[in-house]
Amino acid sequence: MDVEATKRALEGSGLRCTPQRYGVMTFLIDHPGHPTAAEIFEAVNRLDPRSSRATIYNNLRDLVEAGLVREVAVEGRAARFDARGMRHHHFICDHCGNVEDMEWYDVPRPESRSLGKRILRECELIIRGLCTQCAAQHASREVS
């Protein structure tokens with residue numbers, strides 16, 4: 001996404017394009033490895049040391065609420081962030097905590113009666129297990 005497209009995405013979602021918000025968005029677009037808020041803060045602050053930790057965290061919250069960024073909860077570890085881009089699911093490694101993108105496929109929506117008065121926005125999957133590296137290490141231990 002180029003500079004103008006990023007600015008349009010921010011403004012189109014109702015957010016002002018502040019230097020800090022723009023910095024967070026461009027970092028997430030350029031680094032699809034699901035960084036933590038602390039990693040985002042460090043990277044953005046290297047480029048623009050005027051950004052406080054609170055500013056970065058507040059911008060992440062605003063970007064998540066606007067639907068431009070997705071927060072991926074990793075049990076027992078820091079949440080990870082992902083610029084939405086194309087729809088996809090996530091695989092989270094139980095051992096190392098690595099978060100990987102997985103191809104999107106439609107998840108059956110729950111029946112409306114099971115939701116009560118809740119309003120469903122979307123269904124996504126988080127698949128958990130051992131990533132390729134951890135699975136190989138686990139298998140080599142079992143062979144020994």
Side-chain angles (χ1 to χ4, degrees), residues 1-140:
M1 196 181 290
D2 65 14
V3 174
E4 288 307 312
T6 302
K7 288 180 179 180
R8 280 193 307 275
L10 287 167
E11 291 164 357
S13 67
L15 297 173
R16 286 186 317 114
C17 185
T18 65
Q20 295 85 358
R21 194 170 286 145
Y22 178 81
V24 170
M25 271 303 291
T26 56
F27 179 78
L28 284 170
I29 291 165
D30 293 342
H31 298 87
H34 306 93
T36 64
E39 292 167 340
I40 296 166
F41 167 73
E42 289 172 15
V44 171
N45 220 26
R46 274 194 297 271
L47 298 174
D48 183 3
R50 296 173 296 166
S51 301
S52 72
R53 191 172 299 273
T55 298
I56 299 301
Y57 283 61
N58 289 337
N59 278 307
L60 281 167
R61 183 199 64 230
D62 293 343
L63 292 166
V64 168
E65 288 175 1
L68 295 173
V69 169
R70 193 162 34 170
E71 182 175 1
V72 182
V74 181
E75 292 173 5
R77 299 175 191 255
R80 306 256 175 184
F81 294 88
D82 184 11
R84 282 188 79 85
M86 293 177 50
R87 293 171 61 168
H88 59 273
H89 298 294
H90 290 102
F91 180 94
I92 301 174
C93 182
D94 292 334
H95 185 258
C96 69
N98 187 42
V99 179
E100 300 172 19
D101 291 342
M102 294 191 68
E103 184 178 332
W104 178 266
Y105 59 92
D106 289 330
V107 177
R109 294 169 97 55
E111 294 182 30
S112 58
R113 62 183 160 86
S114 70
L115 293 172
K117 294 185 179 187
R118 296 176 189 94
I119 298 172
L120 182 65
R121 182 173 40 86
E122 77 176 343
C123 294
E124 68 177 275
L125 288 179
I126 294 180
I127 301 166
R128 298 177 189 279
L130 295 177
C131 69
T132 307
Q133 285 185 330
C134 292
Q137 291 172 359
H138 181 73
S140 69

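Applying the salt bridge (Lys or Arg N to Asp or Glu O under 4.0 Å) rule to E100 yields no partners; only residues at least two apart in sequence or on another chain are considered. For the salt bridge (Lys or Arg N to Asp or Glu O under 4.0 Å) test, no residue two or more places apart in sequence or in another chain qualifies with R118. Applying the salt bridge (Lys or Arg N to Asp or Glu O under 4.0 Å) test to R128 and every residue at least two apart in sequence or in another chain returns E75. Applying the ring pair (Phe, Tyr, Trp, His ring centres under 6.0 Å) criterion to F27, with sequence neighbours excluded, gives H31. Scored by the salt bridge (Lys or Arg N to Asp or Glu O under 4.0 Å) test, R50 finds D48 as partners (sequence neighbours excluded).
Ring to ring, H138 and H95 are not that close: their centroids are 6.0 angstrom or more apart.
Within a 6.0 Å radius of CD in E11, other residues, nucleotides and ligands contribute more than 12 heavy atoms.
To the nearest 0.5 angstrom, F91 atom CZ is 12.5 Å from L125 atom CG. Put simply, CZ on F41 and CZ on R46 are 10.5 Å apart, with the number rounded to the nearest 0.5 Å. The OG atom of S51 lies 4.5 Å from the CD atom of Q20; values are rounded to the nearest 0.5 Å. R53 CZ to E42 CD: the interatomic distance, rounded to the nearest 0.5 Å, is 7.0 Å. Going from atom OH of Y22 over to atom CG of L10 covers 9.0 Å, rounded to the nearest 0.5 Å. To the nearest 0.5 Å, atoms CZ (R77) and CG (N98) are separated by 9.5 Å.
The closest side-chain donor-acceptor pair between D101 and H34 falls under 3.5 angstrom.
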Identify all side-chain donor-acceptor contacts of residues 58-65 below 3.5 Å with residues at least two apart in sequence or on another chain.
residue: N58; atom: OD1; partner: R61; partner atom: NH1; Å: 3.2
residue: N58; atom: ND2; partner: A54; partner atom: O; Å: 3.2
residue: N59; atom: OD1; partner: R21; partner atom: NE; Å: 2.8
residue: N59; atom: OD1; partner: R21; partner atom: NH2; Å: 3.2
residue: N59; atom: ND2; partner: T55; partner atom: O; Å: 3.0
residue: D62; atom: OD2; partner: R21; partner atom: NH2; Å: 3.1

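Residue C96 comes nearest to C131 through the heavy atom pair SG-SG, 3.8 Å, listed as atom of the first residue, atom of the second, then distance. The minimum heavy-atom distance linking T36 with A78 is given by the pair CG2-CB, 3.9 Å. Annotation for S114 and P110: closest pair OG-CB, 3.6 Å, computed over non-hydrogen atoms. Here the closest heavy-atom approach between residue A9 and residue L68 is recorded as O-CD1, 3.8 Å.
When each of H89, H88, R87, R70 is checked for a side chain to side chain donor-acceptor pair (under 3.5 Å) with E124, only R70 meets the rule.
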For side chain to side chain contact (heavy atoms under 4.5 Å, CB included), just list the numbers for I92 and R80, CA-CA rounded to whole Å, side-chain angles, deciding distance to a tenth of an Å, and then say yes or no.
CA-CA 11 Å; I92 301 174; R80 306 256 175 184; over 6 Å; no
